[in-house]
Structure formats: C-alpha cells, structure tokens
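Just below is one structure, and these are the notes that go with it.
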2 protein chains.
Amino acid sequence: MTDDTTPRERRAKRTRKAILDTAMQLIVEKGPDKLSLREVARRIDYSPAGLYEYFGSKDELVEAACSEADRRLGIYLNGVDPALPPGDYLVELGLAYVRFARENPEHFLFLFGNREANFEHMLPLEDDFQTDEDWGKHDPNFALLISAVQRAIDADVIQTRAGFDTLEIAYTVWALAHGMASLQARYMPHLRLNYAATDRHAMRIMIAGLGHTLPE
Amino acid sequence: MTDDTTPRERRAKRTRKAILDTAMQLIVEKGPDKLSLREVARRIDYSPAGLYEYFGSKDELVEAACSEADRRLGIYLNGVDPALPPGDYLVELGLAYVRFARENPEHFLFLFGNREANFEHMLPLEDDFQTDEDWGKHDPNFALLISAVQRAIDADVIQTRAGFDTLEIAYTVWALAHGMASLQARYMPHLRLNYAATDRHAMRIMIAGLGHTLPE
DNA sequence: CGTAAAACCCGAACAGTGTTAGATAATCCA
DNA sequence: TGGATTATCTAACACTGTTCGGGTTTTACG
C-alpha cells in the first residue's frame, strides 16, 4: 500500500502538508490577503526562509490552498449518486455545490474570490481551441457538470436549441448554483430564509424550464 | 447650485475624491489586496501620513471604494425602464446586473469579493428584525429588486407558494444574475459563448418558470 | 564503511508595507 | 496684522515577503 517512497520524500510531504494545513486554517481565520508566511512558520516552528524549500512564493502557497479547496468541492460533487435520473442528478449536483459553500463559506469565497491566481493551473495558457468542452480536460468538476448535462440532453429531459447547446446549458445551471452559493457564503446570517428548501425549489424550476420550449 | 460650502470644505472634498479615485484605479490595476497607501500617496503627491486626514485606515478606504462600486452598480440597475411589463422588467434588471459585471469585472469582483468589509455600512450591526425586507432600508439596490418582484407577483406574472414568497423569489433571481455575473467576471476570456444571448435566455426561463406551478 | 553531494533549515539582511506621534507649514478668523 | 486651527510632512515602529550565504543533516556511491 505504501508507495515506494524514500523516507526523505515522506518527511517532505508531511511538512508540506503541515504548511498547507496551517495556511488554510490561517486563511479561514483571517482571510487570504492577511495570510502571513511568518505566522505560518511560527506555528510550525520553522524559520520564514525554511518555507521556501516547499513553496516558491506566497502566491504559490495560496494557489496550492486554492487547489485543495477545489479538491474538497469535488468531494461534495462526486458524493451525488450518479444512478439518479438525469434531471434529479443535475438538481442534486447543484445542491451539493451550494452545500459545500454553506458548510465551508471561507473555502468557497477564497476559491472563487482570488484574482486570476485560480484556474491558471487547470487552463493551458493561451489555448484558442476552447471550442467545446476540453475545459473538462483540466477541470474535473466542470467535466462532471458537462457530462451530466449531456446525459440529460440525451434523455430528452433538457432541450437544446440553436445557440443554446450543452455548453450554454451547463453555464446556466452552474450560474444558478454558483449564485446561490455565493450569496449564502456572504449573506447567510443576514438573509433569513430556509436555504435548503429554497435552493431545491429554484434548482427544480430551472431544470424544468430547460425542458420546456420557450416561445420566441 | 453650488452648496454653501466653504473653500476649505471644497478642497477637502476634492482631495478626498482624488484619493478615492486613484485608490479605485489602483485596485482595478493590481487588485484590492495589493493596494498600497504609499503608492496612492505617491500618485497624488502626498505623504503617506497625509491620507489619514481623510481615511482613518486602509480598510476604511477600501470600504469607501466598495460603496462607490455599489453606487455605480446602482446606476446600471436604475437605467432599466421601469415602464416595462413586470416580467420583462425583472429580466432586464438581471441583465443590467450582469452587464455591469461584464463591463466592470474588477469592480464587480472587488465589490463582492471582499471579506465582510462590504455591507457592514448598509447593515445595522446585530439587528434581529430582518423578518421581511427591511434590508431595502439599507441597500437601495436590493430594495429595487424586492419591489420589482412584488410588482410581478401583484400582476400575477409570478406565483408564490408556502415557503416561497417575495424574499425567496428575489433571492432566486438575484442568485441567477449574480452567478452569471460572477462567472463572466472571472472566466469571460476562457468560456467562449455568446453571453448576452445566453443570459437573456436563462433569465427568461427562470422568470417564466416562476410563473408556472411546479408539481410536488 | 567514508566521503561527496544533495537536501534541508536558519540567521541576517533588504525593500516594502500600514500606522502613529510630534513637528512644521498653510489657512482661516479676529 | 496676530493667534488659533487645520493640513501636511518627517521620522520612526512593527510588521511583511523574499533572498543570500552558511551550517547541519540526510542520502548516495565508491
């Protein structure tokens, strides 16, 4: 089970994880911009310079924390039962997305509240061949959404039309889920409403609406 | 027309505006976290300490920039013709919201990408009486949305149901618009699709869906 | 083994930051 | 004009990210 890693590699991996963990904790506590390398070093009994053996810069560390948050979001999404009917599956996918934001608001806000840093690692620089959904090649979460939408289309649960195909539909349901997630992550304590029920209702309205054919 | 202000007050207002303007420009250029008071001072030929006559701290300056961005968003929203039919008005309101984000992505991201700083000024601290929509008392933009939704309900363009009333409906359409806005502000160059057309279609689906009565 | 090389970690320094206190210059009002 | 008030600056403090050079430990190899 244990990889054929040398003790050195195992140690390095462990301290790297320690750095990343305290960094994420610090980010949750005070926000990403207030993250201090020196504070991280202090908490794990390292010298500030010592961190540079594991992360080339503060930005690189933040980027790693970003990827980690993205990975955790993926856990929520993959927890949805893929055996559900295509329509229900899309609904639950959106609700899982929102639930991640509700249960980890700091992670969510930080994941999507970062200037450009994010998604540079999952997007090849300057690739013009973004015709369809080779996005998924670099972002497994987005790939999951695309395939779910495609399945709903194939099952005739969702209707396409000219200029409103798989990509546009995926964007639409992502937008709804992302909007609810963002609003909750920010204004949860202020806006008093039954989020779980409201989200499900909203999601159902959207999926159902994508199944009808709108006039004009 | 000119207020009965003393020359002193006019000067103060002017330099205050100068500080705020260069701060916003700097935020657009490098992001809010990279904003440097010293750089602001440098650009308007002031000493760093001089700024503290006008803004008590960096956070206060960022907060002011936030309010300014919120005000500009309000200009977009109030630009929608209120004589439109209630349904169309809601659609156009959402599209104006998204257009603001598309045309001023940095302002939008910074407006909603700030840890708690934002909206502390429009929310009385610790007010438990958030029963309905006295939010609007403090956020005119939200008030506009609420009244638009209420009008659509009164005109029977939108249907309420138990647990899904004005506030929940407003939250839902806000979420959709906010999601599209956020995604575009972040991934505009990467996701290649006709945003204007897609957004309008998505918005119409949602509003139309809110008019039907969903089973179960 | 023993030794060279690589990996690891640290102390000190540099340039930059937000913020404050005290001194100085500019403005207003009598 | 003088005197009081306001506006601004200089200097400093306590931070920050980052780099450089030198020790110390661990690995790899003959």
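In what follows, every chain begins at residue 1, and chains take the letters A, B, ... in the order their sequences are listed.
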In whole angstrom, what separates [X]'s [atom1] from [N]'s [atom2]?
X: E39(B); N: dA15(C); atom1: CD; atom2: P; answer: 18 Å
X: R42(A); N: dG11(C); atom1: CZ; atom2: C1'; answer: 15 Å
X: K34(A); N: dA14(D); atom1: NZ; atom2: C1'; answer: 15 Å
X: Y46(B); N: dC9(D); atom1: OH; atom2: C1'; answer: 11 Å
X: K30(B); N: dT17(C); atom1: NZ; atom2: P; answer: 8 Å
X: D59(B); N: dT17(C); atom1: CG; atom2: C1'; answer: 14 Å
X: R10(A); N: dC8(C); atom1: CZ; atom2: P; answer: 14 Å

So, E9(A) and K13(A), do they make that salt bridge, N to O below 4.0 Å? no
Does E106(A) come within less than 4.0 Å of K30(A), counting only side-chain N to carboxylate O? no
R11(A) side-chain N/O to dA7(C) phosphate OP1/OP2 under 4.0 Å: no
Measure distances between side-chain N and O atoms of R38(B) and base N and O atoms of dG18(C), and say whether any donor-acceptor pair falls under 3.5 Å. yes
Run the side chain to side chain contact (heavy atoms under 4.5 Å, CB included) test on V80(A) and L95(A) for me, step by step, so that the C-alpha distance in whole Å, both residues' side-chain angles and the decisive distance to 0.1 Å come before the verdict. CA-CA 9 Å; V80(A) 178; L95(A) 294 182; over 6 Å; no
Bend angle of the helix from dC1(C)-dG30(D) to dT27(C)-dA4(D), end axes from five pairs each (to 10°): 10°
Using 30° and 60° as the class boundaries, would you call the ring planes of F142(B) and W174(B) parallel, tilted or perpendicular? tilted
Contact list for DNA chain C against residues 49-58 of chain B - heavy-atom distance below 4.0 Å: A49(B), Y52(B), S57(B), K58(B)
